[in-house]
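Remember, it's 1-based here, ligands and their atoms both numbered in the order they're listed.
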Amino acid sequence: MKRFSTGPSAAPHTEVSPSIWLLRAGAVMLAMIIFLIDWLSSLDVAIAVLYVTVILMCADVFSRKSVMAVSIGCGVLTLAAFLLSHGAEWMVPPFARCLVSLCAIAITAFLAMKHMASRDALQAQIHLLHRSEAFLAGAQRLSLTGSIGLKMPSARMYWSDEARRIFQFDESLQPTLEYMMSRTHPDDIDDLKSLIEQAYARHANMEAEFRLLMPDGSCKSVRMLAQQVEDGSGGCEYIGALMDVTATKEAEEALHRSQSQLAHVTRVTTLGEMAASIAHEVNQPLSAVTTNAEAGLRWLNREVPNLDEVRSAIERIKSEAHRASEVIRRIRTLSRKTDPQHVLLDLHDVLHEAADLVRREVSRHRVSLVLQAADEPVWVRGDRVQLQQVIINLLINAVQAMSGMHGRARTLSVSLGNSEDGDATLCLRDNGPGISAQNLPNLFNPFFTTKPEGMGMGLSICRSIIDAHGGRIWAESELGHGASLNFSLPLCEPVAS
Ligand code: ADP
């Protein structure tokens, strides 16, 4: 919906005020009086010098052209008075007085013109300044960004209109650091205070993101950037911008929510695709349970029951039941809908759990899976379920890519290690058909698929998961020579227990 609104506009100033008319008339009258005295009186003084007052009066009320005309007029009147009173007899003193007056008029006119030129330039600057202020106010309003200034050590503050609006401070109120703190969310006050104190102590710039608790109980998120400027008197001023990022934060949170929902849906879809293998994986220990139970019963039903055999049958039942419940536990963890929880993980464990879940699917497609990993743990910080999802996705993709390949052994080697730049790297390399140079750049785009039944969301979700973990995911391949899909995650130091 388009919205238009207009604010009050200023009327153009074209009318000339009565006081200016009065000044103009006064200047003309004064010029006439000076002319008459200069012409008619017999005083031996340079009366015409008084024309400078006329020029100075005009400088405030006339344009530059008119002041020039008035100055020329005053010169002409001076000459006219001299000619009218001394035209016939030529005498040096009156002529010298006339010359002095003409010089005074010329110098005053020159200075008045200079003054008017700098006044006009100043007015043009003021006009430009007002325009810039209007531009800035508009831009601040649209971008929800205000300006603030904080003088230290007095803690006096300057707030632009938009900054006040963001904090919902009254226009009559002169906001101070205390007011700012009182509007800050109680959970963020201590952090903000120590940030300001540390920045001041270290002569550093400020950068902060904190929340505001508004009078109606709602929350706002603001981002603040401020630069330190020395003020020459030993103190300093922080001058910066303050942006209301509530909408961006809400959009980011909504995006994260939908990304994790989407990740959950695709996890469940992948589990659905592996349903046959999973059923087999659970069925195997269950059959073993039944077989061992029957054997145990047979040992019990003998005339002389063999309790040792019964015991070992029960032991096997216990371990098979445990195996089945482990498979079910892993599947339940994967299918559960929970918010991501970033904890310290050994990537070995995550890899082995993921590989165990797809092992049946891998062998069903006659692929030999080779895991190569160093013995030391590879610590990363992340969400176990999401990282498992990424590995399962990459494993299943490789298996599916190789499923159409005949007459050659299908191998998928997975290596886990540390990269040269200190990251944990997982590399899955298959000897399938590979990926064409044309498809390679689109691999991680949503809905890109070359499979008839494919959704094309798997790799795109893998990328958003790895991105959210501060890592990188990439593919390398040459058509006909297999593909290698890799991701790296920042290594973490395990916390000493
Ligand atoms: P989907 O599996 O639904 O197609 P993905 O995003 O998981 O979606 O995969 C996108 C595409 O990437 C696949 O359709 C396939 O063409 C290609 N691909 C992924 N892994 C491999 C691989 N190991 N070898 C060859 N192509 C692959």
Parallel, tilted or perpendicular, judged at 30° and 60°: which one describes the rings of Trp159 and Phe169? perpendicular
List, ordered by chain and residue number, the protein residues whose closest non-hydrogen atom lies under 4.0 Å from any atom of ligand 1. Asn393, Asn397, Ala398, Ala401, Asp430, Gly434, Ile435, Leu443, Phe448, Thr449, Thr450, Lys451, Gly454, Met455, Gly456, Met457, Gly458, Leu459, Ala483, Leu485
Neighbour count above 12 (heavy atom, 6.0 Å) for Glu171 CD: no
Do NZ/NE/NH1/NH2 and the carboxylate oxygens of Arg223 and Glu207 come within less than 4.0 Å? no
So does Gln341 have more than 12 non-hydrogen atoms from other groups sitting under 6.0 Å from CD? no
Where do Ser484 and Arg429 come nearest, in terms of heavy atoms and distance? CB-NH1, 3.0 Å
Does Arg360 come within less than 4.0 Å of Glu281, counting only side-chain N to carboxylate O? no
